[in-house]
Amino acid sequence: MSDRPAAEHPADFVQLCEDAVRALREMERAGAMERGAALPAIRAALAEIGERMAVLDWETDRYEREQAALLDAAGALGAIDLDRGGPHVPRYVQRIVDDLGRIATG
């Protein structure tokens, strides 16, 4: 880590996070089978966010926090995969949404 100050994330990165949130909310409203079909696209979005985050923030102090939030989001997505039709999906979705909010705002 360096002492380089962390600038705000660019608008396209924030939009990427917001698009992932929208996809999560759509998946949350879907039935169990449709949730399963939505998971690969959401996984891909989280991977893209992680790649962009590494480029943007590698040398800043916030990288560790954002990486931890992304790992938590990925874990919650895995839990959704296991609990597709279960009562816990909304809680896991909210966890990911909160993590993406922390990542987007740095």
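In this text, all values refer to a predicted model and were calculated from it rather than measured experimentally.
Taking 4.5 Å as the limit, every side-chain heavy atom of I42 sits out of range of all side-chain heavy atoms of E26. Put simply, the side chain of D98 does not reach to within 4.5 Å of the side chain of D72, judged on heavy atoms. Contact check for L56 versus F13: side-chain heavy atoms found under the 4.5 Å cut-off.
In this structure a side-chain-to-backbone donor-acceptor pair under 3.5 Å is missing from H9 to V14. Proximity of a side-chain donor or acceptor of Q94 to a complementary backbone N or O of R91 within less than 3.5 Å is not detected. Under a 3.5 Å cut-off, the side chain of R35 and the backbone N or O of I80 do not form any donor-acceptor pair.
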Would you sort out whether R65 and D99 count as a salt bridge (Lys or Arg N to Asp or Glu O under 4.0 Å), showing the intermediate values? CA-CA 10 Å; R65 288 188 313 272; D99 288 332; over 6 Å; no
For side-chain contact (heavy atoms from CB on, under 4.5 Å), just list the numbers for E66 and L71, CA-CA rounded to whole Å, side-chain angles, deciding distance to a tenth of an Å, and then say yes or no. CA-CA 9 Å; E66 291 176 352; L71 287 172; over 6 Å; no
Evaluate side-chain contact (heavy atoms from CB on, under 4.5 Å) for T105 paired with E8, printing each intermediate quantity in order. CA-CA 7 Å; T105 58; E8 287 187 24; over 6 Å; no
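Hydrophobic clustering places L46 together with W58 (ILVMFWY residues linked when any side-chain heavy atoms are closer than 4.5 Å, directly or through intermediates).
Of all heavy-atom pairs between A37 and P40, the closest is O-CD, 3.4 Å. In plain terms, the two heavy atoms of C17 and L100 that are nearest each other are O-CD1, 4.1 Å. Taking both residues in full, the closest heavy atoms of I96 and A76 are given as CG1-CB, 3.5 Å, listed atom of the first, atom of the second, then distance.
In this structure, CD on E51 lies 7.0 Å from CD on E48, to the nearest 0.5 angstrom. We find the CZ-CG distance between R29 and L24 to be 10.5 Å, quoted to the nearest 0.5 Å. To the nearest 0.5 Å, atoms CZ (R95) and NE2 (H88) are separated by 12.0 Å. In this structure, OH in Y92 is found 5.5 Å from CG in D83, a value given to the nearest 0.5 Å. Note: I103 CD1 to I49 CD1 = 6.5 Å, rounded to the nearest 0.5 Å.
Under the 4.0 Å criterion applied to side-chain N and carboxylate O atoms, D57 and R52 are not assigned as salt-bridge partners.
Side-chain N/O atoms of R62 and Q67 include no donor and acceptor closer than 3.5 Å.
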